[in-house]
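Sequence positions, counted from 1, serve as the residue numbers for this chain.
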Amino acid sequence: MAPEKPFCLPSLLLPLLTLLLPPQADTRSFVVDRNHDRFLLDGVPFRYVSGSLHYFRVPRVLWADRLFKMRMSGLNAIQFYVPWNYHEPEPGVYNFNGSRDLFAFLKEATLANLLVILRPGPYICAEWMGGLPAWLLRKPKIHLRTSDPADNMTKIFALLRKYEPHGPLVNSEYYTGWLDYWGQNHSTRSVPAVTKGLEKMLELGASVNMYMFHGGTNFGYWNGADEKGRFLPITTSYDYDAPISEAGDPTPKFFAIRNVISKFQEIPLGPLPPPSPKMMLGPLTLQLDGDLLAFLDFLCPQGPIHSILPMTFEAVNQDRGFMLYRTHLTHTVSEPTQFWVPNNGVHDRAYVMVDGVFQGVLERNMEHNLFLMGKRGAKLDVLLENMGRLSFGSNSSDFKGLLEPPILGQTILTPWLMFPLKVDNLVKWWFPIQLLKTPHPQIPSGPTFYSTTFPVFDSGGDTFLYLPGWTKGQVWINGFNLGRYWTKRGPQQTLYVPRPLLFPRGALNKITVLELENVPPQPQIQFLDRPILNSTLHKTYIYSLSTDIQGDSEPMELSGH
């Protein structure tokens, strides 16, 4: 009987090869040779050694740098997701421009001589809300990801082998590290553990993708969250303890992996670029701009939405960020009385104020005893923060806001005004022209804006923003949303600031901070030349960057790896 013809892989790899390579690419092929448990690329046995990189977590201007370093490590392919929610922000509205230019990223991968394994979704997990658009939840009865829980791996693999008894060995997600949650320790995976497993797989002839090879950053509001007994939002840093650090620098893990790969296939010759220049600056004292409530007309120029019961973010088309809920006390509360939301109805964190005075916080899945007092007619404001949507799990329909009407003592509070806040618009457009000057509270507390300007006198460098003594909030530099800080809870203490965000050579840069709770006595910030990802600094090493990868190493304190 004639041998079975190798089966063509029904994936996006071959179409991308055809699309991205030069004109002669139409003669290329990529197939699965199941008779010999291998891949064939252009008729030749082929094994990919790949790494994951998410273009949506890396500024576009840095794509080429990260891809070049991945190629120099010995990788011959990259693997990445395409997040639906990144490219279709509203139903039928598509965005493939700027940092969302998928085709430009594919071209950069081609220039780096890297093949592409494309994972387009619609569901991707990735600690990115699963890639599912928040506007799906505008249908209040929707249930996401319910068709197949798929939790018996033995049966799954048995079913796979029933239909695919032969084929190449593949590990599509070999973890080089792990993600971080606010309030837990920075995750690491040792170099020996990573290299031992990698070498064993390569000895078996397997293809492998390392997740992550470069993690990047959850800028803005893009961090996801997990549910593991309680709600666990993910940090702004997606460093992942990966071979290439959040700032794009090769780590000891990078060089150890490169050494393993070199035992099985050729790696590119030539020196690696050195770590990017780093910058220190400060301390800088920030000036008080005013409390958030004073800017309400600018934060919500269209005015509030009226409702008897509080409405969710999704019901008012507020996909991310913040929304203010307002009501008034219907009677005088002269004794401290508990303010609470039944059925774990705070999604995700609430900052409570009475007549503009900060009272405290309620948080999802957390026990908080918050007691209020106030006269009849007193204004009760509850600022709700969406801290990131669930990324995986069956029925991960993660609605945000006040899911139940709050209760003061035994009184259900109604009616409500909802103010969907456009904080980024305020920071980017209205603050620079200083439309509003407000009287400053003597002792600021609760959601408050601070800012200052600063020059960078030379070409600058990558840097890491440190907010010692601050509590929790959001930061913008030159209008760009760096992401969330939570100094009080950790483990992440610094925010990565890529050099391209800063104006060099004496031009003024502006930093704006929205502190949600309490500021230190001196509202100062600093820019450091190294990150603090676990509240402590650890030693790492800069290896010789000559073509001799066995060169001497030079110890240097660089990052938390």
Review item, side-chain donor-acceptor pairs of residues 328-340, under 3.5 Å, at least two apart:
residue	atom	partner	partner atom	Å
Thr332	OG1	Arg376	N	3.1
Thr337	OG1	Glu335	O	2.8
Trp340	NE1	Gly409	O	3.4

List, one per line, each side-chain donor-acceptor pair under 3.5 Å for residues 126-137, sequence neighbours excluded.
residue	atom	partner	partner atom	Å
Glu127	OE1	Tyr238	OH	2.3
Trp128	NE1	Asn85	OD1	3.2
Trp135	NE1	Glu88	O	2.8

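Remark: the backbone N or O of Ile244 is not paired with any side-chain donor or acceptor of Thr251 at under 3.5 angstrom. Asn209 places a side-chain N or O within 3.5 Å of a backbone atom of Ser172 that can act as its donor or acceptor partner. Judged by distance alone, the side chain of Asn95 and the main-chain N or O of His87 form no donor-acceptor pair under 3.5 Å.
For Val357, the side chain to side chain contact (heavy atoms under 4.5 Å, CB included) test picks out Gln359, with sequence neighbours left out. Partners of Asp424 by side chain to side chain contact (heavy atoms under 4.5 Å, CB included), not counting sequence neighbours, listed by chain and number: Tyr221, Trp476, Asn481. Under the side chain to side chain donor-acceptor pair (under 3.5 Å) criterion, Lys141 pairs with no residue at all, not counting sequence neighbours. The side chain to side chain donor-acceptor pair (under 3.5 Å) test applied to Asn171 returns no partner, not counting sequence neighbours. For Val191, the side chain to side chain contact (heavy atoms under 4.5 Å, CB included) test picks out Thr195, Lys253, Ala256, with sequence neighbours left out. Partners of Phe480 under the side chain to side chain contact (heavy atoms under 4.5 Å, CB included) rule, at least two apart in sequence or in another chain, are Phe219, Leu482, Leu501. Partners of Arg326 according to the side chain to side chain donor-acceptor pair (under 3.5 Å) rule, which considers only residues two or more places apart in sequence or in another chain, are Asp381. With sequence neighbours excluded, the residues forming a side chain to side chain donor-acceptor pair (under 3.5 Å) with Arg57 are His54, Asn218, listed by chain and number.
For residues 409-418, no residue pair satisfies the side chain to side chain donor-acceptor pair (under 3.5 Å) rule, not counting sequence neighbours. Judged as a salt bridge (Lys or Arg N to Asp or Glu O under 4.0 Å), the pairs with a partner in residues 337-352 (not counting sequence neighbours) are, in order, Asp348-Arg364, Asp348-Lys400, Arg349-Glu363, Arg349-Glu517.
Aromatic pair Phe449/Phe295: ring centres closer than 6.0 Å. In this structure, Tyr55 has its ring center under 6.0 Å from that of Phe80.
For Lys422 and Gln318, the side-chain atoms include at least one donor-acceptor pair closer than 3.5 Å. Side-chain contact, Ser451 with Gln287: no donor N or O sits under 3.5 Å from an acceptor N or O.
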> What do the steps show when you test Tyr123 against Phe392 for ring-ring contact (aromatic ring centres under 6.0 Å, His included), and what is the final call?
Replying inline: CA-CA 9 Å; Tyr123 173 75; Phe392 74 92; 8.5 Å; no
> Could you go step by step and tell me if Phe313 and Phe399 meet the ring-ring contact (aromatic ring centres under 6.0 Å, His included) rule?
Replying inline: CA-CA 7 Å; Phe313 277 50; Phe399 295 94; over 10 Å; no
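Remark: Leu516 CG to Trp486 CH2 distance equals 10.0 Å, nearest 0.5 Å.
Checking each of Arg389, Lys139, Arg138 against Glu314 for a salt bridge (charged side-chain N to carboxylate O under 4.0 Å, His left out) leaves exactly one that passes, namely Arg389.
Heavy atoms of other residues, nucleotides or ligands lying less than 6.0 angstrom from CG of Asn344 number more than 12.
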